[in-house]
K.L.:
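This structure is in structure tokens; I'll ask about it shortly.
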Amino acid sequence: MAQSAQWPDRQSTRYLGKNIPRVDGPAKVTGTAKYTYDVILPGMLYGAILRCPHAAARVRSIDASAAKAMPGVMAVLTDIGQQARFAGEEIAAVAAETEEIARDALKAIKVEYDVEPFVSNTLRGKDIPDRVGEPQMNSRGEDPDTLWSQAAAVVEGEYYVPVREHVSLETHGVVVRWDAEDALTCWCSTQAVHGVAGELAAGLGIPRQNVKVICEVMGGGFGSKFSPGVEGLTAARLAKAAGRPVKLMLDRYEEQVATGNGPDAFMRCKAAATADGRILAIKADLYGTGGYSRRWAIPFPYSTYNVPNVRAAMHGVQTNAGGQRSLRAPGHPQGCFLTETVVDELAIALRMDPLEFRLRNVREGVWSDQLRLGAERIGWARRASLPKSGRLRRGIGVACGTWGGGGRGGSVCEVRVGNDGSVWVGIGTQDLGTGTRTYVAAIVAEVLGLPIERVTAEIGKSTLGNSGGSGGSVTAASVSPAVMMAALSTRERLAQTAGAMLGVPAGEVRFADGNASAQGRSVSFAEVCAKLPAGGIEVTGQWNQALQRSGVGGAQFAEVEVDTWTGHIRVLKVVAVQDCGYYLNKLATESQIIGGVIQGIGMALLEDRKMDNGTGRQLNPNMETYKVPGSLEIPEIDVVLYDTHNQVTGVGEPPVIPTAAAIGNAVFDATGVRLRRLPMTPKRFFDAQEGRMV
Amino acid sequence: MNNFAWVEPKSVAEASQALKQGGAALGGGIELLCLLKDSLITPPTVVNLKSVSGLSGIRIADGIEIGALVTLVQIAQHSEIVRSYRALAQAAESVGSPQIRNVGTLGGNLCQRPRCWYFRDPEVHCLKKGGAKCFAVGGDNEYHAILGGGPCYIVHPSDLAPALIALNAIVATNNREMPLEEFFRLPAQRLDHETVLEPGEIVTGVKVPAEMAGWKSYYYKARERESFDWALSSCAVALQMSGATVQEARIVLGGVAPIPWRSKEAEAAIRGKTLDESIADAAGRAAVAMAEPMSENRYKVALTRNVVKIALLEALK
């Protein structure tokens, strides 16, 4: 069966590939869904972390006696960190009867620091040699410096994509309860229940099997929530020291400074194209920071285009700022923006239609077809007739993206059917917000011919069958094959019972509408189950490679209106053509793509982590000045599901990749002003227009 | 946030007394909560002004009187304000988000502290907080002042104030009345606070004179995020028209100076003129003629010029 397994034709399904409302939607919108933030245990204390205010410092002395003496303070840890490499790094922690007491206790801890020199951001650090790592070269073909004379067009410039943050609405945090000397339960806002269990066990020196991690629902992760983090391990140590459960949820400031970010990318670039409209060569120096580590690289030139001759040097810059973590398609939105802007500039320099230029240079694959499809949808032909003078000007731009999105082996799913007809499916994955729980239930409901309400899907527990973290857009392609295989095995087992009842071979039994039928006769699902052994049946499914596939492409077109009097850019419409394979839930897939585009609009127009070189501190560690899109920033988003194959692939990350580049190219089309620095705020518009660049 | 006692005064006098003893005034609580959470203030008491009656009404009588506790949404949706004092309704509508407009008050909007990110950082001891220097000088001053700055370079964040000053409003406190224009203080005049308020003094309301109902007014606010943002630059205009000619004008800028910035230069540029695009542009140029941009906010010069132009042209529509 494993070889022949395939997804059912969407023409014949009740759920799969259709619009399936989220099974946990009502609980979420009525407030009954329990997030980590909502967990309250008997005897629970509140933990809080003391963070270094300095960008670089060593602890000379720490005196927590006053904090320890405060009524209600139940545990104090002064050994969390002895050195701070960014403002906000963890130094000490307390657990107290209330959150207020915990915060007051932090203020009572006296720390003396030896403050050290610091460098806050890439734009400063790139010019300081001992802050810059050894370059990583991306080289192919000839040295571009030997080729410029063959070029019909050369463009040169400096570009910058700033550091962006995840801005999960639910901050990082845990509730930890020790169940025995070497066993604990941890409620964690995480995108990897098994990963967190492993890290807690390793970090605390207790057996992996004694750690139970629970994440029923969570309020966003975007790549920042794979680990229990310092806060998770600290909470466990506080709980141990106090002998009581501890809740430790970060506040917004902590979330913004200390739980990761997507790195920036500064680039000096020279690129050339030939008279026949082919990209000839790109030479670039790129700098970016992953925080204190010098490890940094992005995909450049982005792989959607054929660039025969490349010399790109990637320099990691050491800064005293919070460290990078995966952020929705790590490296790709940056690489895409830089490449697609340069590609657009080359087309303009050649006086060639940017779409035509892309069609000549795009790599073999889905992109040519997607570009033509998207151009049709947005009305590329209207482009020249849009207003290009006066106060309000309009333009259309385009960019392409690529991603993996295939599954990881190793997921194990269990299905149980009771002799009362109840059906349960469990797998140790988690719902990052993408609708995992819904398709886990829907697959089983589909295969067993039951209404989805009759299937209980349990996820978000490390005690369930192994499944990996939800990152890299791998979850659907990792989870769904195992669920499908478990569901098919369950149906096979039930078909034997039903076949015996109906007097037909098991292979002839069909499950639909809550019945098992064959040769015009039918029995209800419940009647079949009643014949099962008293304990019901338990069936396990393993991941199956044939049900999934990696490698997706996408193309996005943006139409914008630029107010040239105020520099304000309004996105009017985005067409997102997204390679998506066999989508399990059309509604959730489209939502996922819409969400990606919205996050891409944030990158394009608003998001910019600002580190101050004078104070060494983040200037905008909040949602007031670190701005994400609101309702008025969100345009019409036309999602085109481009399904060319019958295997599941992930679309969590791909749709965020091309949006900012498409918007930037649209702004140029509208105004003739090239914004090489994100975000494209009124400041950037006037700076570019008046010749003030990066 | 520090622990504090809760005070429910029954009169303005009681409230004033409590504030004199170091209490912090609570109107809608939007700004107060920001200040408390960042420990920028640590008052022994929070004085709930909502327990005082008589501060929350809008009264039409020889102009319009608005109590300090009137919410932004009430101002934005008040039919007489929308009809006769359009700039004020537009300014109220432009503040924050719907949730903020539902609880934020007139008094709070006028008395709010600057949003400067150095001022708001509890770890940064800036000039305004009694420190030695303004960190915006030589720092990241993208959102700071281009007019009236020094030695501190905050911009005043209020949207209502420019509109009310354009409408020639009078502000009343528990012990005096004055033109709202005279209510604000430049850093060079007073560093620790942005207004003339003395300890224990409470804004009780504003009054817009009846004759302003005959003026054409408009408030335009440029911002990065339409959904929810402070002004990068804003402009309130009120024009007394005689046919197509501007008889008299009041033009006030927001988001560009430490106080709501009345631009008499811009007013002079249109007085007695027939307002068209080139005259409006001249007014914009006049408004920023004396601008002294900092290292990162040069963009505000061109932006403000155009914001004035837009406000003037829209006012006539």
Side-chain angles (χ1 to χ4, degrees), chain A residues 51-55 87-88 99-101 103-104 107 120-121 251-253 391 563-570 602 605-608 610-634 679-690 692, chain B residues 1-3 34 37-39 42 96-98 100 115-118 120-126 133-143 220-230 232-234 277 280-281 284 293 295-310 313:
Chain A
R51 295 175 182 275
C52 179
H54 307 292
E99 200 175 341
E100 291 76 12
I101 296 172
R103 297 269 165 203
D104 284 347
K107 287 184 193 157
S120 293
N121 58 44
D251 68 15
R252 182 55 54 185
Y253 165 79
R391 178 179 164 191
D563 184 337
T564 56
W565 287 11
T566 65
H568 187 267
I569 294 161
R570 194 150 66 93
L605 301 183
L606 296 166
E607 297 186 48
D608 185 358
K610 289 184 159 290
M611 292 298 300
D612 185 43
N613 268 315
T615 60
R617 296 172 56 78
Q618 186 178 342
L619 292 165
N620 55 353
N622 53 58
M623 289 178 69
E624 172 194 340
T625 44
Y626 185 94
K627 296 171 190 175
V628 296
S631 54
L632 295 179
E633 280 61 55
I634 298 170
M680 294 180 267
T681 57
K683 169 178 163 64
R684 304 284 180 231
F685 182 81
F686 286 113
D687 282 354
Q689 198 175 43
E690 296 168 10
R692 296 185 296 272
Chain B
M1 188 184 300
N2 63 304
N3 289 324
C34 285
K37 283 174 74 174
D38 287 336
S39 296
T42 51
S97 63
I100 287 173
R115 305 308 306 181
C116 169
W117 43 30
Y118 296 105
R120 293 278 163 177
D121 186 334
E123 296 292 338
V124 174
H125 194 52
C126 75
K133 69 169 191 172
C134 173
F135 286 77
V137 177
D140 196 326
N141 43 45
E142 176 172 346
Y143 299 115
Y220 183 79
K221 175 175 174 180
R223 50 196 143 176
E224 290 177 347
R225 179 170 58 178
E226 291 295 314
S227 305
F228 180 2
D229 216 342
W230 307 96
L232 293 173
S233 175
S234 70
E277 195 173 317
D281 191 62
S295 56
E296 295 296 322
N297 68 7
R298 192 162 285 276
Y299 75 99
K300 279 194 175 187
V301 177
L303 175 61
T304 302
R305 191 182 84 208
N306 292 335
V307 161
V308 171
K309 178 161 79 171
I310 293 167
L313 294 174

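In what follows, chains carry the letters A, B, and so on, assigned in the order in which the sequence lines appear, proteins first and then strands, with residues in each chain numbered from 1.
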K.L.:
Going by an N to O cut-off under 4.0 Å, is there a salt bridge joining D140(B) and K610(A)?
P.N.:
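Between K610(A) and D140(B) there is a salt bridge, with a charged N closer than 4.0 Å to a carboxylate O.
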K.L.:
With only heavy atoms counted, which part of S631(A) is less than 4.5 Å from chain B, the side chain, the backbone, both or neither?
P.N.:
both
K.L.:
Return the CG to CG distance between D121(B) and N620(A), rounded to the nearest 0.5 Å.
P.N.:
11.0 Å
K.L.:
Quick check against the 3.5 Å criterion: does R103(A) have a side-chain atom that pairs as donor or acceptor with the backbone of M1(B)?
P.N.:
no
K.L.:
Give a yes or no on whether K37(B) atom NZ has more than 12 heavy-atom contacts from other residues, nucleotides or ligands under 6.0 Å away.
P.N.:
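Open: at most 12 neighbouring heavy atoms sit under 6.0 Å from NZ of K37(B).
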K.L.:
Strictly below 4.0 Å, N to O, side chains only: are R120(B) and E624(A) in salt-bridge contact?
P.N.:
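E624(A) and R120(B): not salt-bridged.
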K.L.:
Side chain, backbone, both or neither: which part of N622(A) has a non-hydrogen atom closer than 4.5 Å to chain B?
P.N.:
neither
K.L.:
Could you tell me whether a side-chain N or O of E690(A) sits under 3.5 Å from a main-chain N or O of Y299(B), the two making a donor and an acceptor?
P.N.:
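No, the answer is negative, given that no donor and acceptor are paired below the 3.5 Å cut-off.
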K.L.:
Tell me, for L606(A) versus chain B, whether the close heavy atoms (under 4.5 Å) come from the side chain, the backbone, both or neither.
P.N.:
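The side chain, not the backbone.
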K.L.:
Who among P679(A), P682(A), P621(A) has the most heavy-atom pairs with chain B under 4.5 Å?
P.N.:
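Result: the option with the highest number of such pairs is P682(A).
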K.L.:
Of the backbone (N, CA, C, O) and the side chain (C-beta and beyond), which part of D104(A) lies under 4.5 Å from a heavy atom of chain B, both, or neither?
P.N.:
side chain
K.L.:
Please round to the nearest 0.5 Å and tell me the distance separating atom CZ of F686(A) and atom CG of L232(B).
P.N.:
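With rounding to 0.5 Å, CZ (F686(A)) is 10.0 Å from CG (L232(B)).
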K.L.:
Atom CH2 of W565(A) and atom CG of D281(B): how far apart are they, to the nearest 0.5 Å?
P.N.:
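Atom-to-atom, W565(A):CH2 and D281(B):CG are 7.5 Å apart.
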K.L.:
Check whether T681(A) reaches the backbone of E224(B) with its side chain - one donor and one acceptor, N or O, closer than 3.5 Å.
P.N.:
no
K.L.:
So what's closer than 4.5 Å to chain A heavy atoms on S233(B): side chain, backbone, both or neither?
P.N.:
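Neither part.
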K.L.:
Classify the side-chain pair D612(A)/Y118(B) by whether it contains a donor and acceptor separated by less than 3.5 Å.
P.N.:
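The answer is yes; a qualifying pair exists.
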K.L.:
To the nearest 0.5 angstrom, please state how far the OG1 atom of T625(A) sits from the CZ atom of R225(B).
P.N.:
9.5 Å
K.L.:
Side-chain contact test, heavy atoms from C-beta onward, threshold under 4.5 Å: evaluate it for R223(B) versus H568(A) and give yes or no.
P.N.:
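Not touching, per the 4.5 Å side-chain cut-off.
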K.L.:
Answer yes when K683(A) and E142(B) have at least one side-chain N-carboxylate O distance shorter than 4.0 Å, and no when they do not.
P.N.:
no
K.L.:
Using a 4.5 angstrom heavy-atom cutoff, name the option from F135(B), Y143(B), Y220(B) with the most pairs to chain A.
P.N.:
Y220(B)
K.L.:
Which atoms of M623(A) come close to chain B, meaning under 4.5 Å heavy atom to heavy atom: side chain ones, backbone ones, both, or neither?
P.N.:
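The backbone, not the side chain.
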K.L.:
If we only count heavy atoms from C-beta on, is the F228(B) to V628(A) side-chain gap below 4.5 Å?
P.N.:
no
K.L.:
Under a 4.5 Å cut-off applied to non-hydrogen side-chain atoms, are R391(A) and I310(B) in contact?
P.N.:
yes
K.L.:
Kindly compute the distance separating CD (E123(B)) from CZ (R617(A)), expressed to the nearest 0.5 Å.
P.N.:
5.0 Å
K.L.:
Does T566(A) reach the main-chain N or O of A222(B) with its side chain, forming a donor-acceptor pair under 3.5 Å?
P.N.:
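No, T566(A) side chain to A222(B) backbone: no donor-acceptor pair under 3.5 Å.
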K.L.:
Looking at chain A, which one of N2(B), V124(B), D229(B) has the largest number of heavy-atom pairs inside 4.5 Å, strictly under?
P.N.:
D229(B)
